[in-house]
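Chain letters run A, B, ... following the sequence lines, proteins first and then strands; every chain starts at 1.
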Amino acid sequence: GENVEQHPSTLSVQEGDSAVIKCTYSDSASNYFPWYKQELEKRPQLIIDIRSNVGEKKDQRIAVTLNKTAKHFSLHITETQPEDSAVYFCAALNRDDKIIFGKGTRLHILP
Amino acid sequence: NAGVMQNPRHLVRRRGQEARLRCSPMKGHSHVYWYRQLPEEGLKFMVYLQKENIIDESGMPKERFSAEFPKEGPSILRIQQVVRGDSAAYFCASSPGRRSYEQYFGPGTRLTVT
């Protein structure tokens, strides 16, 4: 069935450096790709999303890129801060209108 | 601006008991989704409902699990005869329209089966 692969599963970066999380999807009909941030014991929160009619979207220190040909999309966080530490999930809306989530990336921001 | 509400936040049940999880969507949202999250895992889709209708329940086990979203009141996820493997965090999300719209999550219900 359709799935979303997410890498890496764990990522440690020095405070102030950039973090990149990559995802691939299998359903070529997918046209909506949200990213969620989940802090410990908290709810997933939508931080940014991108639709298939654009290749890149930016919101302050967060940007997402989409390559439809290669079926992959990435989250970029610049100038990382301690409060960026969390688990990040990518997701893709498949042809059945179902949102499929990746398994998550645990991001640690090192002081 | 009340977000998605879920209760209870924590629920402990013994094996064989029933668990009822409630979800009130954001104001103006008529679409509700339930997800299950196991420790260190992603979110697994269970069921998608609109008022009085189940649209997609392909992610929900066919036995012991049921969901509803009545005309009045919250959406309910019901698990009968719970087993240890049902222990997980159950999140609901709501959106104003079809799944191409943003989904906003509730705080989750953490179910522990002893």
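- Contact of P34(A) with chain B is not made at all, since no heavy-atom distance falls under 4.5 Å.
- The two residues F89(A) and G42(B) come nearest to each other via the heavy atoms CE2-CA, 3.4 Å.
- Y90(B) and V47(B) fall within a single hydrophobic cluster, where Ile, Leu, Val, Met, Phe, Trp and Tyr side chains are chained together by heavy-atom contacts under 4.5 Å.
- Annotation: the span from Q103(B) atom CD to L93(A) atom CG amounts to 8.5 Å, rounded to 0.5 Å.
- The shortest distance between side-chain heavy atoms of Y35(B) and I99(A) falls below 4.5 Å.
- With values rounded to the nearest 0.5 angstrom, H10(B) atom NE2 is found 7.0 Å from E41(A) atom CD.
- Within a 6.0 Å radius of CD in E83(A), other residues, nucleotides and ligands contribute more than 12 heavy atoms.
- No more than 12 heavy atoms of other residues, nucleotides or ligands lie within 6.0 Å of CZ in R15(B), so this atom counts as exposed by the packing criterion.
- When all heavy atoms of R43(A) and G106(B) are compared, the closest pair comes out as CB-O, 3.0 Å.
- The hydrophobic clustering, which links ILVMFWY residues whose side-chain heavy atoms are closer than 4.5 Å, places F101(A) and L46(A) together.
- Only the side chain of Q37(B) comes within less than 4.5 Å of a heavy atom in chain A; its backbone stays farther off.
- One finds the CD atom of E102(B) at 4.5 Å from the OH atom of Y32(A) (value rounded to the nearest 0.5 Å).
- In the hydrophobic cluster analysis, where Ile, Leu, Val, Met, Phe, Trp and Tyr join through side-chain heavy atoms closer than 4.5 angstrom, Y33(B) is grouped apart from M5(B).
- Residues Y104(B) and L77(B) are members of separate hydrophobic clusters, defined by side-chain heavy-atom contacts under 4.5 angstrom among Ile, Leu, Val, Met, Phe, Trp and Tyr.
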